[in-house]
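What follows is a short report on a single structure.
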Amino acid sequence: MTDVFAALLSQSSELVAPRLLGCELSRQIDGQLVRGRIVETEAYDQHDAASHSYKGRTPRTEVMFGPAGFLYVYFTYGMHYCCNVVTGAVGQGSAVLIRALEPLAGEDIMSSNRGGIIGQRMTNGPAKLCQALQIDRQWNGHDLRQPPLQLIIRPPVAQTDIVQTTRIGITQAKAVPWRFYLRNDQYVSKV
DNA sequence: CCGGTGATGCCCT
DNA sequence: GGGCATCACCGGT
């Protein structure tokens, strides 16, 4: 396959989730660059009771069943957005939740979007980083190869720098170890 | 630092 | 109508 981006993301969410650590989300807002390094992810899959796609295709989860490399944005708890990178083959219903970023550029814009918060609490949670990058429902289904919101693939991080553990904030399939984060990274949402 | 809790809207049963 | 892949704030330590 010549399309490296699609080839990488077309793998299972369980494989893609650790691979996205060290990759970057790049966003342009009013001509300004806002960028962050992914430091924490979680995998979700159709055969996974914690996944939105578990009960099959619905209008809400339609994007999850589409091609890899697109963004699945969902709204939860009446006020928060979270974003996922769709993975796997078409029809598979799998995605990787982006749970935390290390800010690399545009910290002033992120801080402004976050009500003035600076530092780790600016982007150390899935809804926090969406707020910082101004990602909401209108970005659901966005092609992550296209500006103004792109996923930048970086070389894989060393296996020894990755911690694998159980996912956060779910009530189903709590034992499944599909959360991945960078060891000793201060921007991870929770140790 | 820690745990408890209220805010608030949409999706699916 | 119940539950939710969350967050900020509050009070006690």
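Chain letters run A, B, ... following the sequence lines, proteins first and then strands; every chain starts at 1.
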Donor-acceptor contacts, no H, no angles, side chain residues 62-76 of chain A, under 3.5 Å, sequence neighbours left out:
| unit_1 | atom_1 | unit_2 | atom_2 | d |
| --- | --- | --- | --- | --- |
| Glu62(A) | OE2 | Arg57(A) | NH1 | 2.8 |
| Tyr72(A) | OH | His52(A) | ND1 | 2.8 |

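Between Glu42(A) and Arg167(A) there is no salt bridge, since none of the side-chain N atoms of the basic residue sits less than 4.0 Å from a carboxylate O of the acidic one.
Side-chain contact of Asn113(A) with Gln134(A): a donor-acceptor pair under 3.5 Å is present, judged by distance alone. Side-chain contact annotation: Ser53(A) with Thr61(A), donor-acceptor N/O pair under 3.5 Å absent.
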Per-nt protein contacts along nucleotides 8-13 of chain C (heavy atom under 4.0 Å; B base, S backbone sugar-phosphate only, - none) come out as S-----
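At a non-hydrogen distance threshold of 4.0 Å, nothing from residues 14-26 of chain A comes into contact with DNA chain B. Near-neighbour residues of DNA chain B inside residues 69-79 of chain A, defined by a heavy atom below 4.0 Å, number-ordered: Phe75(A), Tyr77(A), Gly78(A), Met79(A). Residues from residues 85-99 of chain A that place a heavy atom under 4.0 Å from any atom of DNA chain C, listed by number: Leu97(A), Arg99(A).
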Note, DNA chain C 5' to 3' with Watson-Crick or G-U pairs under 3.5 Å encoded as ( ), [ ], | and . gives ||||.|||||||.
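Distance Glu62(A) CD to dC12(B) P: 11 Å, rounded to the nearest Å. The CD-C1' distance, from Gln120(A) to dC1(B), rounds to 14 Å in whole Å. Rounded to whole Å, atom P of dT6(C) lies 10 Å from atom CD of Glu40(A). One atom, OH of Tyr54(A), and another, P of dA5(C), lie 14 Å apart when rounded to the nearest Å. Remark: P of dT6(C) and CZ of Arg167(A) are 11 Å apart, rounded to the nearest angstrom. Between Asn84(A) atom CG and dC4(C) atom C1' there is a gap of 14 Å when expressed in whole angstrom units. Following rounding to the nearest Å, Met122(A) (CE) and dT6(C) (P) show an atom-to-atom distance of 20 Å. Between the C1' atom of dC11(B) and the OH atom of Tyr81(A) lies a distance of 14 Å, rounded to the nearest Å.
At least one side-chain heavy atom of Ser26(A) sits less than 4.5 Å from a side-chain heavy atom of Ile152(A).
For Ala127(A), taking side-chain heavy atoms from C-beta onward, the closest of the listed nucleotides dT6(C), dA5(C), dT13(B) is dT6(C).
Heavy-atom minimum distance, Arg179(A) versus Val191(A): NH1-O, 4.3 Å. Closest non-hydrogen pair, Pro103(A) versus Met122(A), comes out as CG-CE, 3.7 Å.
Phosphate contact (OP1/OP2 of dC7(C), side-chain N/O of His80(A), threshold under 4.0 Å): absent.
Here Arg60(A) lies in heavy-atom contact (under 4.0 Å) with sugar-phosphate atoms only.
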